[in-house]
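Presented below is the structure to which this report refers.
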Amino acid sequence: MKLCNNTILENRAVLTEKGYDLPAFDRAAVTSNTAARPEWVHFGAGNIFRAFIANLNQRVLNAGLMDTGITVAEGFDAEILDAAYRPFDNLSVLATLCADGRIEKTVIGSVVNSLGMNRGTDDWAQLEAAFRSPSLKMASLTITEKGYNIMDGHGDYFPAVLADMENGPDKTESYIGKIAALCHARFAAGGAPIAMVSMDNCSHNGSRLEAAVLAFADAWEQKGLCQAGFAAYVRDKSRVSFPWSMIDKITPRPDDSVREMLENDGLEDMGVRVTGRRSFVAPFVNAEEAQYLVIEDAFPNGRPPIDKAGVIFTARNVVDMVETMKVCTCLNPLHTCLAVLGCLLGFTRISAEMQDPDLKKLVETVGYQEGLPVVVDPGVISPRAFIDEVIGKRFPNPFLQDTPQRIATDTSQKIAIRFGNTIKNYVESDTLDVKNLKGIAFVIAAWCRYLMAVGDDGQPFQPSDDPLMPMLAPRFEGVQLGAPCDVHALLQPVLSDARIMGVDLYEAGLGEVVEANFRELIAGPGAIRAALHRLVENA
């Protein structure tokens, strides 16, 4: 059976018998309704979108609470659409890998249109038409944390961004530039309200999106390249809102064991594709069962009723507390611990790391002992219950084939948030001693050791993609295990860089502690395991 509209219509009984949960709505009617009066556009066609966000829409469609679907747009890697969307009529299979071994199979049919973001194409014309439509309530985004960066590490606009600012909204080529241009098209068509909802896993995501869009709006208006009043429209929260959100669901790369299961069920062509931009995509996604989405309730044109599917809408300060709880304490820092140490120690599964007593104790130390003391309970989710689920159920899930190599991607962009905030809170506290952050200091030292691209066995490995790797890796090229090294001269430029660390670690009182850890980690092969064991024995 080919995954397509005809299959889910003609083979409904067969698929249901094999355990598939199928769309319970008239997909043709929903597609027609969406074209006529779009309500939801999403930017970013990756796995988290299909595993979580598209399924939210599906659940309210199944319940009869909506009659329009989602149009997904992809501006970074349009090859995803040709590999995993269009050949399958924009359908996908969600395989939910439960910790008890059950696999729930859902055919997601809520995505009714997939569009590339290349100018001069019919896809772009359809996107502009959707943004001109007064019915559009929200545009959501999962474009990764680095997708919001419009400046380089020196504070200069990237060349493509600068060109967009000089050329105006009709000639944009950068990702955020195109999103700003679509907002301008909406303004020019009457300026109907809209919520621009970042759902990316980064601190104050809505404000990051707002600042990036406003940078274009201000530049264009100052140069007379857009309609007068556009910048004011973007700033008017009664017309354009940028809600904060916190999202959490682990969605690893499509796994071959899931592909094999689907093909054994009779579904054809389920293979994993790797695009030219190194996106790993397939007609299916695999994900854990746990999921959280908390969004600031700021929707000037109304919002889809996804609260009926478990989304929590609340005040901005509550979102901030939930996001801080998750990103800075209860999940993301622990993921980074396992990512960095997992790569160095030769692990290929997060779940396998959680069977290692030293690594399990490390994440417990960083989470419970070092993080929880500075968490404010947001009220809507219990921090301790959250971290209990992470350590006791989510990370050890053997059916969730997630890898430390995936989590280690872009670590230089994550440290400031995942550890920097906790360090700041300790520094500012009257009762907490920053030098008690022994686990965090060890992980930061381990990341510096990771930059050598040599495992604890002394063998080289391929580091995960990271935008700062071209700058950082050469600094560590001359470091040899067991050889003399001026550790302070090596690490000081990195540990003092608040853009990477979130704070100057020397001013915070942790720089020398990290240096001492690093000296231990480069003593020779096996030094990382030995140092880790000593650390957790004394924790």
Side-chain angles (χ1 to χ4, degrees), residues 3 31 34-35 38-58 69-94 108-131 136 138-150 160-161 164 172-183 185 196-202 205 209 212-213 247 249 251 253-254 272-285 287 406 409-410 465:
L3 183 63
T31 300
T34 306
E39 294 184 285
W40 191 347
V41 169
H42 183 85
F43 295 97
N47 293 330
I48 184 68
F49 164 67
R50 289 191 292 169
F52 192 176
I53 298 159
N55 196 27
L56 293 173
N57 185 215
Q58 171 131 322
I70 300 178
T71 293
V72 67
E74 177 56 46
F76 172 73
D77 189 355
E79 193 179 340
I80 291 173
L81 306 181
D82 293 326
Y85 279 80
R86 291 167 178 166
F88 307 95
D89 291 340
N90 296 314
L91 294 165
S92 62
V93 178
L94 166 60
I108 302 297
S110 59
V111 182
V112 297
N113 200 7
S114 55
L115 302 173
M117 294 174 65
N118 290 328
R119 285 189 166 278
T121 63
D122 181 62
D123 282 11
W124 181 256
Q126 290 184 61
L127 260 182
E128 283 194 326
F131 265 78
L136 187 63
M138 66 183 285
S140 51
L141 298 88
T142 50
I143 62 173
T144 77
E145 185 171 353
K146 63 185 177 184
Y148 301 91
N149 295 337
I150 60 175
V161 169
D164 284 353
T172 49
E173 294 297 334
S174 67
Y175 205 137
I176 298 292
K178 289 178 180 178
I179 291 174
L182 291 167
C183 290
M196 303 294 294
V197 189
S198 170
M199 296 181 180
D200 274 296
N201 183 17
C202 55
N205 46 18
L209 175 60
V213 172
I247 191 168
K249 187 177 183 72
T251 54
R253 291 171 176 171
V272 178
R273 285 80 162 165
V274 183
T275 71
R277 286 184 173 268
R278 300 292 296 167
S279 299
F280 288 74
V281 295
F284 68 90
V285 287
R406 182 185 79 89
T409 302
D410 301 335
D465 291 342

Correct closest heavy-atom pair for Ser110 and Gln58 would be N-OE1, 3.4 Å
Can you tell if the side chain of Asp200 reaches within under 4.5 Å of the side chain of Ile247, non-hydrogen atoms only? no
Going by salt bridge (Lys or Arg N to Asp or Glu O under 4.0 Å), name the residues that satisfy it together with Asp465, two or more places apart in sequence or in a different chain. none
Under 4.5 Å between any side-chain heavy atoms of Leu91 and Ile108, yes or no? no
Roughly how far, to the nearest 0.5 Å, is CD1 of Ile150 from CD1 of Ile176? 8.0 Å
Tell me, which pairs form a salt bridge (charged side-chain N to carboxylate O under 4.0 Å, His left out) where one or both residues lie in residues 38-50, sequence neighbours left out? Glu39-Lys137
Contacts of type side-chain hydrogen bond (donor to acceptor under 3.5 Å, both in side chains), residue Asn205, not counting sequence neighbours: Ser245
Under the salt bridge (Lys or Arg N to Asp or Glu O under 4.0 Å) test, which residues partner Asp123, sequence neighbours left out? Arg86
Phe49 meets the ring pair (Phe, Tyr, Trp, His ring centres under 6.0 Å) criterion, sequence neighbours left out, with His42
Please check: side-chain N/O of Asp164 versus main-chain N/O of Ser174, any donor-acceptor pairing under 3.5 Å? yes
Give me the atom names and distance for the closest heavy-atom approach of Ala180 to Val213. CB-CG1, 4.1 Å
For Ala130, side chain to side chain contact (heavy atoms under 4.5 Å, CB included) partners two or more places apart: Pro38, Val41
Of all residues at least two apart in sequence or in a different chain, which pass the side-chain hydrogen bond (donor to acceptor under 3.5 Å, both in side chains) check with Gln126? Asn113, Asp122
Set of residues satisfying side chain to side chain contact (heavy atoms under 4.5 Å, CB included) with respect to Asn149, sequence neighbours excluded: Lys146, Phe158, Arg208, Gln413
Can you name the nearest heavy-atom pair linking Leu94 to Ala287, along with the distance? CD1-CB, 4.3 Å
Say whether Trp40 and Ser140, considering side chains only, have a donor N or O and an acceptor N or O under 3.5 Å apart. yes
Rounded at 0.5 Å granularity, tell me how far CD in Glu145 sits from SG in Cys202. 5.0 Å
Gly276 backbone acceptor or donor facing Glu79 side chain under 3.5 Å: yes
Who are the side-chain hydrogen bond (donor to acceptor under 3.5 Å, both in side chains) partners of Thr275, not counting sequence neighbours? Asp77
Looking only at heavy atoms, what is the nearest atom pair of Tyr175 and Gly44, with distance? OH-N, 3.6 Å
Closest heavy-atom pair, Lys178 versus Glu173, reported as atoms and distance to 0.1 Å, is CE-O, 3.4 Å
Check the pair Leu182 / Phe43 against side chain to side chain contact (heavy atoms under 4.5 Å, CB included), numbers first and verdict last. CA-CA 12 Å; Leu182 291 167; Phe43 295 97; 3.7 Å; yes
Between Ala282 and Ala84 the two heavy atoms that sit nearest each other are O-CB, 3.3 Å
Rounded distance [0.5 Å steps], OH in Tyr85 versus CG in Leu115: 11.5 Å
Heavy-atom donor-acceptor pair, Asn47 side chain to Val285 backbone, under 3.5 Å: no
Nearest 0.5 angstrom please: Thr34 OG1 to Ile70 CD1, how far? 9.0 Å
Distance from Phe76 atom CZ to Ser279 atom OG, nearest 0.5 Å? 6.0 Å
Could you pull out all residues at least two apart from Ala83 that satisfy side chain to side chain contact (heavy atoms under 4.5 Å, CB included)? Arg273, Val281
If you define the side chain from C-beta out and look only at heavy atoms, does anything of Met199 sit under 4.5 Å from Leu141? no
Val93: what forms a side chain to side chain contact (heavy atoms under 4.5 Å, CB included) with it, not counting sequence neighbours? Leu3, Tyr20, Val107, Leu262, Leu267, Phe284
Taking only residues two or more places apart in sequence, or in another chain, which ones meet Ser114 in a side-chain hydrogen bond (donor to acceptor under 3.5 Å, both in side chains)? Asn90
Give, for atom OG1 of Thr251 and atom CD1 of Ile48, the distance between the pair rounded to the nearest 0.5 Å. 4.0 Å
